[in-house]
K.L.:
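Starting off with a structure, shown below.
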Amino acid sequence: MATRGFVGRRPTADAATRLPPGQYETHDFPVLSMGPTPRVDLATWSLTLRDGPRVLAQWDWAAFNALPQTTWQRDIHCVTKWSKFDTSWSGVTCDDLFAAAGVAPPTAWLLAESYDGYDTNVPLADVAGGKAMVATHYAGAPLDPEHGGPARLLVPHLYFWKSAKWLRGLRFTPRDEAGFWELRGYHLRGDPWREQRYTNDP
Ligand SMILES: Nc1nc2c(c(=O)[nH]1)N[C@H]1C(S)=C(S)[C@@H](COP(=O)(O)O)O[C@H]1N2
Ligand SMILES: [Mo]
């Protein structure tokens, strides 16, 4: 007679194929922030696209919400080892944002900059082509402030530290410039499937 197996953190067969190496599945939604949640007023909120210091485009809350809206269901992976499956997000894809700005991307790298002073670098190749969005809704409701509301970057195929909360701008940079965590020992790119956690991981 079969004995019921050890459960604990052992993933189901489905979870096993969806979990990057070293990750476990969680059903709650942990909050990870470097400091207190900034108060971001929708009346003064804006999202600015820059090429270095030069402003390419800027949207206030109404203009941003008038851009094409997209909903995605994606798995997310935090470098602290939790993964969460089938999270649902709505917002404006980076492709639609660049199209609305009416500019060809001037460089191959971006820094995502946030209202709390956080920043993180992302190659253009990791945000264009249907890979990232500026999300305003989670699970059908406006994004909670603690999870980055009014708007956060969502780059679900990279470790979740790349998904900058309280986003205020995206800036094209001439090189791949390290952001907050990348300057503090974390990998420049952060692909969970390659387990790119720390600076010197291949
Ligand atoms: N602006 C900002 N964005 C941020 C952070 C932060 O401290 N400030 N923390 C990052 C880290 S380390 C992680 S793991 C995720 C956590 O997102 P969550 O709190 O919604 O789970 O946000 C990322 N984005
Ligand atoms: Mo994190």
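Indexing begins at 1, ligand by ligand and atom by atom, following the structure's order. All values below come from the heavy atoms of this structure, side chains included, with hydrogens, waters and symmetry mates left out. As the structure is a computational prediction, the values presented were derived from the model and not from experiment.
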K.L.:
Note the single closest protein heavy atom to atom 14 (S) of ligand 1, along with its residue, its atom name and the distance in Å.
P.N.:
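The protein heavy atom lying closest is C78 SG, 3.5 Å.
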K.L.:
Please test W89 against T87 for side-chain hydrogen bond (donor to acceptor under 3.5 Å, both in side chains), starting from the C-alpha separation and ending with a verdict.
P.N.:
CA-CA 7 Å; W89 304 85; T87 60; 2.8 Å; yes
K.L.:
Can you tell me if W181 contacts ligand 1 (heavy atom of the residue under 4.0 Å from the ligand)?
P.N.:
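True for this residue.
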K.L.:
From atom 17 (O) of ligand 1, work out which of H147, R152, K84 has a heavy atom at the shortest distance.
P.N.:
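Shortest heavy-atom distance from atom 17 (O) of ligand 1: R152.
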K.L.:
Give me the residue, atom name and distance of the protein heavy atom closest to atom 16 (C) of ligand 1.
P.N.:
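Residue, atom and distance for the closest contact: L32 O, 3.5 Å.
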K.L.:
Under a single-linkage definition using a 4.5 Å side-chain heavy-atom cutoff for Ile, Leu, Val, Met, Phe, Trp and Tyr, are Y118 and L153 assigned to the same hydrophobic cluster?
P.N.:
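Y118 and L153: separate clusters.
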K.L.:
Identify, for atom 8 (N) of ligand 1, the protein heavy atom at the shortest distance, and state residue, atom and that distance.
P.N.:
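Its nearest protein heavy-atom neighbour is D116 OD2, 2.7 Å.
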K.L.:
Once you restrict to heavy atoms under 4.0 Å, what part of Y159 touches ligand 1? Side chain, backbone, both or neither.
P.N.:
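Under 4.0 Å from ligand 1, Y159 contributes no heavy atoms.
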K.L.:
List ligand 1 atoms under 4.0 Å from V31, heavy atoms only on the residue side.
P.N.:
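Answer for ligand 1: 19 (O).
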K.L.:
Which ligand 1 atoms are under 4.0 Å away from a heavy-atom of A164?
P.N.:
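Near A164, meaning under 4.0 Å from one of its heavy atoms, ligand 1 has 3 (N), 24 (N).
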K.L.:
Does S114, backbone or side chain, put an N or O under 3.5 Å from an N or O of ligand 1?
P.N.:
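Looking only at distances, the answer is yes, because the N/O contact criterion of under 3.5 Å is met.
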K.L.:
Give a yes or no on whether a salt bridge exists between R18 and D86, defined as a side-chain N under 4.0 angstrom from a carboxylate O.
P.N.:
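Counted as a salt bridge, because a side-chain N and a carboxylate O are separated by less than 4.0 Å.
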K.L.:
May I have the step-by-step check of ring-ring contact (aromatic ring centres under 6.0 Å, His included) for W45 and W61, ending in yes or no?
P.N.:
CA-CA 6 Å; W45 181 92; W61 186 245; 4.9 Å; yes
K.L.:
Can you report which non-hydrogen protein atom sits closest to atom 21 (O) of ligand 1, along with the distance?
P.N.:
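The closest one turns out to be P30 O, 2.6 Å.
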K.L.:
Do E113 and R171 meet the salt-bridge criterion of a basic N to acidic O distance under 4.0 Å?
P.N.:
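Here R171 pairs with E113 in a salt bridge, since their nearest N and O are under 4.0 Å apart.
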K.L.:
Is there side-chain contact between S33 and K165, with heavy atoms separated by less than 4.5 Å?
P.N.:
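The answer is yes; the side chains approach within 4.5 Å.
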K.L.:
Enumerate the atoms of ligand 1 whose separation from the nearest heavy atom of S33 is less than 4.0 angstrom.
P.N.:
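Near S33, the atoms of ligand 1 are 7 (O).
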K.L.:
Side-chain donor-acceptor pair under 3.5 Å between Q73 and S88, yes or no?
P.N.:
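Note: Q73 and S88 side chains miss the donor-acceptor criterion.
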K.L.:
So which protein heavy atom does atom 10 (C) of ligand 1 come closest to, and at what separation?
P.N.:
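Looking only at protein heavy atoms, the one closest to atom 10 (C) of ligand 1 is Y118 OH, 3.5 Å.
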K.L.:
Going by atom types only, do D28 and T26 share a side-chain donor-acceptor pair under 3.5 Å?
P.N.:
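Their side chains do contain a donor-acceptor pair, which is all the 3.5 Å distance test asks for.
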K.L.:
Students should be able to answer this: which protein heavy-atom is nearest to atom 11 (C) of ligand 1, and at what distance?
P.N.:
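Ranked first by proximity to atom 11 (C) of ligand 1 is W161 CA, 3.7 Å.
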K.L.:
Give me the residue, atom name and distance of the protein heavy atom closest to atom 15 (C) of ligand 1.
P.N.:
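Heavy-atom neighbour on the protein nearest atom 15 (C) of ligand 1: F160 O, 3.6 Å.
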K.L.:
Is the shortest N/O to N/O distance between F29 and ligand 1 below 3.5 Å?
P.N.:
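Not met; the criterion fails.
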K.L.:
For R189, which of D126, N121, D201 qualifies under side-chain hydrogen bond (donor to acceptor under 3.5 Å, both in side chains)?
P.N.:
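It is D126, the one option of D126, N121, D201 that forms the side-chain hydrogen bond (donor to acceptor under 3.5 Å, both in side chains) with R189.
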K.L.:
Taking NZ, NE, NH1 and NH2 as the nitrogens, is one of them in K162 or E182 under 4.0 Å from a carboxylate oxygen of the other?
P.N.:
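Yes, this pair counts.
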K.L.:
Look at atom 24 (N) of ligand 1 and say which protein heavy atom is nearest, naming residue and atom and giving the distance to 0.1 Å.
P.N.:
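Nearest protein contact, heavy atoms only, for atom 24 (N) of ligand 1 is S163 O, 3.1 Å.
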K.L.:
Quick check: does K165 get an N/O under 3.5 Å from an N/O on ligand 1?
P.N.:
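Indeed, backbone or side chain, K165 has an N or O that close.
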K.L.:
Below 3.5 angstrom, do we get any N/O pair linking M34 and ligand 1?
P.N.:
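Such a contact does occur with ligand 1.
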K.L.:
Where does the angle between the aromatic ring planes of F29 and W82 fall among parallel (under 30°), tilted (30 to 60°) and perpendicular (over 60°)?
P.N.:
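Perpendicular.
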